[in-house]
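Notes for the one structure printed next.
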Amino acid sequence: MTTALGIDVGSTNVKVALVRDDGTIAATAGRPLVVHRDGEVAEQDAHALWTAVADATAEATAAAPDAAAAVAAVGVCSQYSSIIPVAADGTPVATMVMYLDQRGTAPSWAILGRHDEAFGLWVERHGIPPVGGGLSLGHMLHLQHDRPDVHAAAAAYLEPCDYVVAKLTGRIAATQSTAFMSQVIDNRTLGVTDYDADLVALAGIDADHLPPLLPDGAVVGTVRPDVAAALGIPAGAEVRTPMNDSHAGAYATGAFAPGRVGLSIGTTAVL
């Protein structure tokens, strides 16, 4: 019997579970996370986030060593519209800017002021105009314009789930789904693996800091040997592209199937 390791990074907690292939739970564990707030600022320590993931996983695998030894796959989901600037090796170079953080709203609205066609183009291609208010595009513009030292040190801007996958595999990547709140992808077609050149140009975002896009469901890589040893799982465990927690809730509740509905109640509520 094989096992999967599930990792969920929420706003206030990390939760992990070892799940057997018959759907039964072998072990679970969790760790708290702290959000630091000051006015429009809302940040979280990305180093502490990874430590919480590692510690919770090690606790779960120690509680069920046989199930841990059978882990063949790792799945990750997280809260989203939060940005972690990372170096090329996936190490954070600053704190995570959370979805509650309002910085970057002014430069987002400035896009609409500079380009008459911007509002219609964003609504047509992405679905949400660049209005800031906690969206990832605003966070990236904030880091690029207001914190040039962080921008210079960063190789990529990652959502939390993509950050955890990068720590697991050593590979920096995202998907059309996880990078949704970057607002620079044409969502009229599913399975896109390129950013929209027009939206990138109008936003004025540094395209070199956008992580490469993989198809949803693709294999990102296997768990690095040093990480696997620390977590207590096999180094060959396969890590697929992650998803945000709203998507994960739809899958977990079966809401994608006819006649089913799911309600997720956490820091926010999603039906």
Side-chain angles (χ1 to χ4, degrees), residues 2-37 42-84 90 92 95-100 158-169 178 220 223-224 226-234 237-255 262-270:
T2 58
T3 311
L5 169 65
I7 301 171
D8 172 34
V9 179
S11 305
T12 57
N13 288 275
V14 165
K15 289 82 69 180
V16 304
L18 288 172
V19 186
R20 302 183 185 93
D21 56 15
D22 64 359
T24 58
I25 305 297
T28 63
R31 291 292 187 277
L33 297 171
V34 178
V35 180
H36 303 280
R37 302 198 64 174
E43 296 183 332
Q44 202 164 71
D45 185 332
H47 293 284
L49 187 159
W50 172 249
T51 298
V53 169
D55 288 352
T57 302
E59 178 183 328
T61 56
D66 290 343
V71 169
V74 182
V76 182
C77 70
S78 75
Q79 54 89 357
Y80 59 103
S81 204
S82 299
I83 289 297
I84 303 171
T95 51
M96 175 168 61
V97 184
M98 301 263 310
Y99 64 89
L100 298 163
L158 297 180
E159 294 282 347
C161 56
D162 291 319
Y163 164 65
V164 171
V165 167
K167 296 290 287 185
L168 289 166
T169 65
T178 64
V220 182
V223 180
R224 293 162 43 194
D226 58 326
V227 175
L231 300 183
I233 62 175
E238 192 175 81
V239 183
R240 291 186 178 265
T241 52
M243 60 178 69
N244 68 48
D245 55 7
S246 295
H247 294 159
Y251 275 92
T253 60
L263 174 61
S264 172
I265 303 174
T267 305
T268 58
V270 177

Could you check if a side-chain atom of V14 sits within less than 4.5 angstrom of a side-chain atom of L33, using non-hydrogen atoms only? yes
T12 vs P32 side-chain heavy atoms within contact, under 4.5 Å: no
Are the charged groups of R20 and D22 less than 4.0 angstrom apart, N to O? no
What closest approach, in Å, do [X] and [Y] show between heavy atoms, and which atom pair accounts for it?
X    : Y    : answer
A42  : L100 : CB-CB, 3.7 Å
T28  : A17  : CG2-CB, 4.0 Å
Q44  : L49  : OE1-CD1, 4.0 Å
Y163 : P92  : OH-CG, 3.3 Å
T178 : C161 : CG2-SG, 3.8 Å
R31  : E59  : NH1-OE1, 2.6 Å

Are any side-chain N or O atoms of [X] and backbone N or O atoms of [Y], one a donor and one an acceptor, separated by less than 3.5 Å?
X    : Y    : answer
N244 : H247 : yes
T61  : A68  : no
T57  : V53  : yes
S82  : Y99  : yes
D21  : T2   : yes

Evaluate the side-chain contact (heavy atoms from CB on, under 4.5 Å) criterion for residues Q79 and M98: first the C-alpha distance (whole Å), next the side-chain angles of each, then the deciding distance (0.1 Å), finally the verdict. CA-CA 9 Å; Q79 54 89 357; M98 301 263 310; 3.9 Å; yes
Can you tell me how far [atom2] of [Y] sits from [atom1] of [X], rounded to the nearest 0.5 angstrom?
X   : Y    : atom1 : atom2 : value
S11 : Y80  : OG    : OH    : 11.0 Å
S81 : E159 : OG    : CD    : 6.0 Å
M96 : H47  : CE    : NE2   : 12.0 Å

Could you give me the CA-CA distance, side-chain angles and deciding distance for V223 and V239, then say whether side-chain contact (heavy atoms from CB on, under 4.5 Å) is met? CA-CA 7 Å; V223 180; V239 183; 3.7 Å; yes
Under the side-chain contact (heavy atoms from CB on, under 4.5 Å) criterion, do V74 and I233 qualify, and how do the steps go? CA-CA 10 Å; V74 182; I233 62 175; 4.2 Å; yes
Identified side chain to side chain contact (heavy atoms under 4.5 Å, CB included) partner of W50 from the options V9, D55, D45, L168: L168
